[in-house]
Amino acid sequence: MSTSTTGKQPPHYTNTSVANPDPYHEANLDHSTVSLKERVEDLIAFLDSHKFCMMTTRQSDTGLIVSRCMAVAARDKQIDLLFFTNTESHKTDELVGDSHINISFLNSSTGDWASISGTAEVLVDRELVKKYYKNELKAWVGDLGDGVHDGGPGDPRVGIIKVTMKTATYSVQKGNFISRTIEVAKGSVTGHPASVNKLRELSENDLNTFRRSLNLIV
């Protein structure tokens with residue numbers, strides 16, 4: 001018999017009788033005094049070093065979570081992400097039904113990753129489209145041969161998904177391959193959680209504070 005996890009309170013599958021039943025998270029959480037500005041800038045640098053990511057949305061008819069690979073077109077206001085889309089595609093329909101979205105990045109060589117949660121909106125501003133448009137988009141949108149829907153910057157199907165970042169979690173590599181291997185081996189023997197990454201979390205309040213700082217700078 002399955003156990004529902006849709007209630008307001010998170011389920012507890014066991015009683016550990018300890019204050020922190022997830023020691024790995026605590027062991028890898030970055031407790032350094034890195035400033036908010038540096039934490040955000042490190043995240044931006046990581047995002048800029050990756051062209052592709054996974055975009056996750058929710059299907060309106062089934063409620064299922066679906067993901068697809070996307071290429072970042074640009075950043076807006078430093079921390080918001082822009083993606084080109086065919087406005088007649090499934091993902092735009094899904095965003096109309098539920099604007100919540102997740103964008104995830106992975107460096108397969110180092111294991112570093114970033115998870116961005118936020119809300120999305122579909123923009124059809126032709127000037128914005130023209131600003132970031134690249135000819136290779138035609139290969140994805142296609143030319144319908146009617147003189148209007150040609151896959152070019154004036155094609156009304158060519159739109160932009162703007163993702164407003166609400167929260168972010170990302171990892172920063174800690175040590176080198178050898179030191180991380182030793183840490184994992186030690187944890188396997190002692191039962192102590194391996195400290196191999198520095199996890200950094202940016203809350204909605206953190207990101208709003210960063211946005212306000214940009215306005216002050218301008």
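All of these numbers come straight from a predicted model, not from anything done at the bench.
Atom CD1 of I161 sits about 5.0 Å away from atom CE of M70, to the nearest 0.5 Å. Interatomic distance, E41 CD to I44 CD1, rounded to the nearest 0.5 Å: 6.5 Å. Atom CG in L43 sits 6.0 Å away from atom OH in Y170 (nearest 0.5 Å). Here the straight-line distance linking atom CD of E88 with atom CZ of R157 works out to 8.0 Å at 0.5 Å rounding. Rounded to the nearest 0.5 angstrom, M55 CE and S67 OG are separated by 10.0 Å. The distance from atom CG of D150 to atom CG of L144, rounded to the nearest 0.5 Å, is 9.0 Å.
L199 has its side chain within reach of W113: a pair of non-hydrogen atoms, C-beta onward, lies under 4.5 Å apart. A 4.5 Å side-chain heavy-atom check between P156 and V148 finds at least one atom pair inside the cut-off. Residues S213 and K37 fail the side-chain proximity criterion, which asks for heavy atoms closer than 4.5 Å. Considering only heavy atoms from C-beta on, V158 stays 4.5 Å or farther from T87 through its side chain. Taking 4.5 Å as the limit, some side-chain heavy atom of V34 sits within range of a side-chain heavy atom of R200.
Side-chain heavy atoms closer than 4.5 Å link hydrophobic residues (I, L, V, M, F, W, Y) into clusters, and following such links, even through other members, never connects V122 to V141. Hydrophobic clustering of Ile, Leu, Val, Met, Phe, Trp and Tyr side chains at less than 4.5 Å, counting indirect connections, unites L214 with L47. With hydrophobic clusters built from ILVMFWY side chains whose heavy atoms lie under 4.5 angstrom apart, Y133 shares a cluster with L123. Using a 4.5 Å cut-off between side-chain heavy atoms of Ile, Leu, Val, Met, Phe, Trp and Tyr, with links allowed through other members, Y132 and I103 fall into different hydrophobic clusters.
In summary, D155 and K138 do not engage in a salt bridge, as defined by a charged side-chain N under 4.0 Å from a carboxylate O. Ion pairing of E94 with R68 is present here, as a side-chain N (NZ or NE/NH1/NH2) and a carboxylate O approach within less than 4.0 Å. Remark: E127 does not engage K131 in a salt bridge, criterion side-chain N to carboxylate O under 4.0 Å.
Under the side chain to side chain contact (heavy atoms under 4.5 Å, CB included) test applied with L202, the options T167, T169, L36 reduce to a single match, L36.
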(request) Report the C-alpha distance between R126 and L128 in whole Å, list the side-chain angles of each, state the deciding distance to 0.1 Å, and finish with yes or no for side chain to side chain contact (heavy atoms under 4.5 Å, CB included). (result) CA-CA 5 Å; R126 300 313 333 148; L128 185 64; over 6 Å; no
(request) Run the numbers on S99 and E121 for side chain to side chain contact (heavy atoms under 4.5 Å, CB included), then give the verdict. (result) CA-CA 7 Å; S99 64; E121 57 182 322; over 6 Å; no
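Between the side chain of H50 and the backbone N or O of F46 there is at least one donor-acceptor pair closer than 3.5 Å. Remark: the backbone N or O of I116 is paired with a side-chain donor or acceptor of N102 at under 3.5 angstrom.
Scanning all heavy atoms of the two residues, the minimum distance from S89 to T85 falls at OG-OG1, 3.5 Å. Summarising the geometry of C53 relative to V72, their closest heavy-atom pair is SG-CG2, 4.2 Å, with the distance given to 0.1 Å. The minimum heavy-atom distance between P153 and K130, with the atom names listed, is CB-CG, 3.9 Å. Taking each heavy atom of A120 and I101 in turn, the nearest pair found is CB-CD1, 4.0 Å.
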When the side chains of residues 76-84 are checked against the rest of the protein, which donor-acceptor pairs come out under 3.5 Å, sequence neighbours left out?
| unit_1 | atom_1 | unit_2 | atom_2 | d |
| --- | --- | --- | --- | --- |
| D76 | OD2 | K162 | NZ | 3.2 |
| D80 | OD1 | M165 | N | 3.0 |
| D80 | OD1 | R211 | NH2 | 2.6 |

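For the 3.5 Å distance criterion, the side chains of T209 and D206 fail to qualify, holding no donor opposite an acceptor. Side-chain contact of S60 with D93: a donor-acceptor pair under 3.5 Å is absent, judged by distance alone.
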